[in-house]
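Inspection log for the structure reproduced underneath, given as structure tokens.
Order of the sequence lines sets the chain letters (A, B, ...), proteins ahead of strands, with each chain counted from 1.
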4 protein chains.
Amino acid sequence: MSFNSFGHVFRFTTWGESHGPALGAVVDGCPPGIPLDEAMLQHWLDKRRPGQNKNTTQRQEPDAVEILSGLYEGRTTGTPIQLLIRNTDQRSKDYGEILRTFRPGHADITYHQKYGLRDPRGGGRSSARETAARVAAGGVAREVLRALAPRVQIKGYMVQMGAKVIDRSRFDWDAIDGNDFWCPDPAVAAEWEDYLDYLRRKDHNSVGAMIEVVARGVPAGLGAPVYGKLDSDLASAMMSINAVKGVEIGDGMAVAALTGRDNADEIFMGDDGPVYGSNHAGGILGGISTGQDIVVRFSIKPTSSILSPRASITLEGQPTEVVTKGRHDPCVGIRAVPVGEAMMALVLADHLLLDRAQTGGVRGRIGPEAGDAPVG
Amino acid sequence: MSFNSFGHVFRFTTWGESHGPALGAVVDGCPPGIPLDEAMLQHWLDKRRPGQNKNTTQRQEPDAVEILSGLYEGRTTGTPIQLLIRNTDQRSKDYGEILRTFRPGHADITYHQKYGLRDPRGGGRSSARETAARVAAGGVAREVLRALAPRVQIKGYMVQMGAKVIDRSRFDWDAIDGNDFWCPDPAVAAEWEDYLDYLRRKDHNSVGAMIEVVARGVPAGLGAPVYGKLDSDLASAMMSINAVKGVEIGDGMAVAALTGRDNADEIFMGDDGPVYGSNHAGGILGGISTGQDIVVRFSIKPTSSILSPRASITLEGQPTEVVTKGRHDPCVGIRAVPVGEAMMALVLADHLLLDRAQTGGVRGRIGPEAGDAPVG
Amino acid sequence: MSFNSFGHVFRFTTWGESHGPALGAVVDGCPPGIPLDEAMLQHWLDKRRPGQNKNTTQRQEPDAVEILSGLYEGRTTGTPIQLLIRNTDQRSKDYGEILRTFRPGHADITYHQKYGLRDPRGGGRSSARETAARVAAGGVAREVLRALAPRVQIKGYMVQMGAKVIDRSRFDWDAIDGNDFWCPDPAVAAEWEDYLDYLRRKDHNSVGAMIEVVARGVPAGLGAPVYGKLDSDLASAMMSINAVKGVEIGDGMAVAALTGRDNADEIFMGDDGPVYGSNHAGGILGGISTGQDIVVRFSIKPTSSILSPRASITLEGQPTEVVTKGRHDPCVGIRAVPVGEAMMALVLADHLLLDRAQTGGVRGRIGPEAGDAPVG
Amino acid sequence: MSFNSFGHVFRFTTWGESHGPALGAVVDGCPPGIPLDEAMLQHWLDKRRPGQNKNTTQRQEPDAVEILSGLYEGRTTGTPIQLLIRNTDQRSKDYGEILRTFRPGHADITYHQKYGLRDPRGGGRSSARETAARVAAGGVAREVLRALAPRVQIKGYMVQMGAKVIDRSRFDWDAIDGNDFWCPDPAVAAEWEDYLDYLRRKDHNSVGAMIEVVARGVPAGLGAPVYGKLDSDLASAMMSINAVKGVEIGDGMAVAALTGRDNADEIFMGDDGPVYGSNHAGGILGGISTGQDIVVRFSIKPTSSILSPRASITLEGQPTEVVTKGRHDPCVGIRAVPVGEAMMALVLADHLLLDRAQTGGVRGRIGPEAGDAPVG
């Protein structure tokens, strides 16, 4: 939301470049007394870690996180939590050529234009390695949610790679963790594997992807109109992830084709409050959570670092061709799954705290006991 | 970004409800010396104003803006600019029934759950009337851009209503202002008119829409990684508009289907800096503007206020059917066009100032004179 | 804290100039369900209002506040509360001379240097009339405190005018509201009256003052280290008031002369938690409230608008003498008392909400039941 | 301003505890192209470093700063700069007793009450070791000022220890760096040395101090009314330093005793713009710098960690006596001098950038060429 910080009251700031000595995040505003240790965070970092299978970059990074502050005897103290991840696999090489040309589709040129200089080593600050810091911070957010809203569950998965989309009729939650793509449709996952192999080995190309992240068990009432809407913050959060070009809530872009009758999620009374006949809204109305599943999708563009030559210019304005060698993901979308989950956790933890700032977490009642509103 | 405020250094806060005495916006951080008067703002408010043709709500509001502060002798002084718009067509009626039920697809229920009480008159704060305040604030942003980045041009238009999408081969800039739908394809506009007529008169229904907003002439270098990316702020800005469910930059969700070779916008040297062979990126790389057209699209869901009955519950949890009478837009997307333009202007003005805070507006050079970076 | 806004989660933005049509404040983040009406705010505005006795400016302003948004049926809805105060006694005159010279000790010159232009009518934005908006916003904060922390009581009073300081041995709470100076020492108040009469009628001069504001009944635990300390925010709040040049907490500047033995407020166990043998700390340790009285003092410089000539320069750099005619307070400190109270209320309401964001308002226990810390 | 972050556009966040593995600061929003290395920062950290003479704590910390990000080939890149300082002299001991009692005058009790738990090792987050991180961040701010406003010079010094105040008639700039107290009056410095010796060795006591920080060569026009005033931010900045209880600008609390005639700093035309006959204002009018010296003073209370017993209570509420052994500064004010300088640099760098955001750094002219204001 503001340079390198995100969040209102549960706020984190990331720092670090791809090939510097380390990168990390400082998490501020965390409630006190939350059990936390490095293993809890490492679990999620391992999910994002490169080099785990042939479908992601072969860069080998342990991505071991160290907690440098904010803990005492295994619990948070309410003070800033510094999460540090050392870079270990920065291969030394000559960056002169990279500094003198601009990869088409890459932030090389805009960083140069904005700042007049840039760190060319592995993309510097624009590298997707920054997302390791988010995943670590997201791990803290998950523990906050576990303590304060224990029913919340967050799950991300890939629903499209290139032209190949999952078949929703085969959707299987339990399959998501069972393949290299976090794919809920094992049949399409097998096709993706072949396709990636072809792209990497034959076509010297890369491909885009679409990720969906769902949060279940989110209480109704999170979100703050008008410019702090839950969906507005989710859109900002997801669009801040490298290579993301679109964000949808619920039916997303498809609502343009719906009529009001179709789009209205009808309301019924359940045992434990309102229930809904459908979820076109993706769990958010007027910027505030309904208690339904929160459903967010985002697209990831194919990496611009490919072995196929593309036309470009040099720093001096001369025409050239760029071919990017090195250890690049043919589909960066795969590793964006845990990143999207982390951003969901971070936004929800922040809004949980922001809501209790304003309302004290007190809710307007629906049902026989509905009556005078309590004072928050 | 934070409750009812948006922006980093050029920041505005909106206030007011649909049926209160007035609503408005206070714009803070505006540069001094910018020529400004009410007529400049009224121009844009008139574009958004309801009741101008049969395709929008028949509520009659002059939406006359008054500037209460921040001006001296026709120029901004650098102090807060309060923009006030009186509500004049609030019909008095009994809101008891509205208070006791929840419209499916509407923020009624989430406002109740969050706050324990709500202003039922015309939707209160959740009404799209809030967007009048944004349009007024956006008018100030346009004058800032006119003074500091005079080449910037902003244009919004509708590209889809329901299932009917414009034919890009018929795209005509000059046609946009020539129909009630801000549609660049007059042929489809005629179809839309018939369709809306049917929805309103026969089907008692409403329909969604898709809006595209383009900003031309934006200098390269605006945007601030990582969480203050230009596209991250645009996503937040557009998603904060009532009824928006998806936001795309450039190729948007479609990048999931692209390969890296297709997606890379090739770079060539033009007379006046880099030029590009395509614009899949929508004018933004790494969160920073490239100098190409900035292209943003967003979807608008169909209004939930329709004459067709939908299942719902009462405050006491009893089942009921809701039919919404009153003066509602069958396609709220039409009036979202000037709102999207306003948000684009507001984000760009903010980033223009934020960029000169950090870099002084100095740019890294490309071309024969490229050399040591200047100090910003 | 940021241009014209103050506060973290309970945040207000003021706007307006001395001689424009109106000024006001928008209060954002207010909890829902708080009873509020204009009379509650008017009470405090009347206390600050000019022209009530011969000791303050003879400008006659009713300072009637209108609430334009954020209320429904007498209670706050959680949406922004716009408070509008019309200016009614702006005498028209020729401001050309004021625009062409700079009053020594006044913001005329710095506004000109910063912005290149300024509103000369009554000092424009730099006028103390801005404080009316704070007092109105402070009235909202008081109602939030009344609902959420009903034991809090806030009281401001004058402890010094010129060289004449109150005698603390005569301190009488009940006397504060009984004189025109909010003075707890009636004997010195009588001296002040004579002195002001002399300054106004004979000496054509003005004089400084010192104000003390005390908040009783503030719960322990408010404040957020390190840069959101309660005292850091109070210092910022008070220093933002026109003409303030110093802020003290507890013993303030005098702690420089104390030893550690003298300064340590010894702790004892009371019936209801810790009690203290003294209050050198002014109720704040480590940026967090102790539960003791919060004691803040600030100095107010004498107004620079006096009938005595002072050397200055013109816009063109020529030497000149400035004599300020008009309706000016000989001691602006008097009317700063309700302003200081308002800022105290605003800071406390904000920190009350900020604290419950992070900790849920749960407190670490001291006493027989002390044990494992709860999770906030 | 917000938990552990400070600044508007040049913003830093500190983290870390006294006895954790490390502490540090992340600086965000730094302009690109600024020459920076660790030695530039170490210079200032060495000035603050403990254990350098008998007048400060005997804790031995090299306080070596490492820059982990934001640099490329010796210049800032515009991305976050992480500054890390390892703690090396954390003596292991049993903290059980400290956890079970509260030092009078210390943040022990308020941290416990707010958070329900606290890190007792060396005071945890409330330790003055946090100020090492500020000094490092302040070193970055100094380099920004050196590049963008090279005439700015910042100097801090001690003007009072206990009852012993410097004699301003003996004020000698060149003496400041020549004694262990940063004292501009060598005669009083000798007295302070004897006094501290007595306090430490005989009296088992500590003492307060007063620090003055001056910034010369600051351009007119920095500061942003009303809640982002330069003095408001300076007050917040200085009050956030451990043990500070009062902040003054210019004549500070003493303005209460002045008349308007005395207080008005008369204006004359100099060769290079306005000059002033005096500086009661401390270089700030209406929250905006005048171009004169900016003069800030703050008081530091005596440390509460003394060998003399003070009455207190245990966690269980039982009466006890507290005697604090260990390596504590008898006058923490000495080491506050470089901290105050750092905060001055940080506030000025932030306001320099904030000003060019809004005005582009363009100034209203005074003199023969005064005329139409430029557009910022």
With respect to chain B, which residue among [options] yields the maximal number of heavy-atom pairs within a distance under 4.5 Å?
options                                : value
A/Ala311, A/Gly105, A/Gly246, A/Gly208 : A/Ala311
A/Ile288, A/Ile109, A/Thr320, A/Thr314 : A/Ile288
A/Asn242, A/Leu199, A/Asp203           : A/Asp203
A/Asp231, A/Leu234, A/Thr13            : A/Asp231
A/Gly287, A/Ala224, A/Ser312           : A/Ser312
A/Arg103, A/Lys164, A/His204, A/His106 : A/His106

For the backbone of [Y] and the side chain of [X], can you confirm whether one donor and one acceptor N or O come within less than 3.5 Å of each other?
X        : Y        : result
B/Ser299 : A/Gly252 : yes
A/Arg310 : B/Gly260 : no
B/Lys245 : A/Glu248 : no

Among [options], single out the residue with the greatest number of heavy-atom pairs under 4.5 Å to chain A.
options                                : value
B/Asp265, B/Val207, B/Leu258           : B/Leu258
B/Gly317, B/Ala256, B/Ala107           : B/Ala256
B/Lys229, B/Arg118, B/Met269, B/Glu316 : B/Glu316
B/Arg125, B/Gln318, B/Met239           : B/Met239
B/Pro302, B/Gly286, B/Ser289           : B/Pro302
B/Gly223, B/Gly361, B/Pro319           : B/Gly223

Part of [X] lying under 4.5 Å from any heavy atom of chain B:
X        : result
A/Asp262 : neither
A/Gln113 : both
A/Met158 : neither
A/Ser126 : neither
A/Tyr276 : side chain
A/Ser278 : neither
A/Ile211 : neither
A/Pro225 : both
A/Ile306 : side chain
A/Ser305 : neither
A/Thr303 : backbone
A/Ala209 : backbone

Next item on the list: Decide, yes or no, whether a salt bridge links B/Lys114 with A/Asp355 under the criterion of side-chain N to carboxylate O below 4.0 Å.
Entry: yes
Note to self: Could you check whether A/Lys301 pairs with B/Asp251 (Lys NZ or Arg NE/NH1/NH2 to Asp/Glu carboxylate O, under 4.0 Å)?
What the structure shows: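 Here A/Lys301 does not pair with B/Asp251 in a salt bridge, since their nearest N and O are not under 4.0 Å apart.
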Search all heavy atoms of [X] against all heavy atoms of [Y] and return the closest pair with its distance.
X        : Y        : result
B/Phe3   : A/Leu354 : CZ-CD1, 3.8 Å
A/His8   : B/Ser2   : CE1-CA, 3.6 Å
B/Val226 : A/Asn4   : N-OD1, 3.2 Å

Item checked: Sole candidate of B/Ser240, B/Ser236, B/Ser232 that passes side-chain hydrogen bond (donor to acceptor under 3.5 Å, both in side chains) when paired with A/Ser236 ->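 Of B/Ser240, B/Ser236, B/Ser232, side-chain hydrogen bond (donor to acceptor under 3.5 Å, both in side chains) with A/Ser236 is met by B/Ser232 alone.
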Next item on the list: With B/Arg261 as reference, evaluate A/Ser308, A/Ser304, A/Ser206 under the side-chain hydrogen bond (donor to acceptor under 3.5 Å, both in side chains) test and give the passing residue.
Entry: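 Considering A/Ser308, A/Ser304, A/Ser206, a side-chain hydrogen bond (donor to acceptor under 3.5 Å, both in side chains) with B/Arg261 is found only for A/Ser308.
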Next item on the list: Starting at CG of A/Leu222, measure out to OG1 of B/Thr110 and round the result to the nearest 0.5 Å.
Entry: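 Answer rounded to 0.5 Å: 11.0 Å.
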Item checked: Approximate separation, where rounding is to 0.5 Å, of A/His112 NE2 and B/Arg363 CZ -> 11.0 Å
Check: Would you say A/Val322 and B/Ile267 make side-chain contact, with heavy atoms under 4.5 Å?
Finding: no
Item checked: Heavy-atom check, side chain of A/Met210 versus side chain of B/Met253, under 4.5 Å -> yes
Check: So what's closer than 4.5 Å to chain A heavy atoms on B/Met161: side chain, backbone, both or neither?
Finding: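 Looking at B/Met161, just its backbone touches chain A.
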Check: Non-hydrogen atoms of chain A under 4.5 Å away: do they reach the side chain of B/Ile241, the backbone, both or neither?
Finding: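 The backbone, not the side chain.
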Check: Cut-off 3.5 Å, side chains only: do A/Tyr227 and B/Arg11 have a donor facing an acceptor?
Finding: no
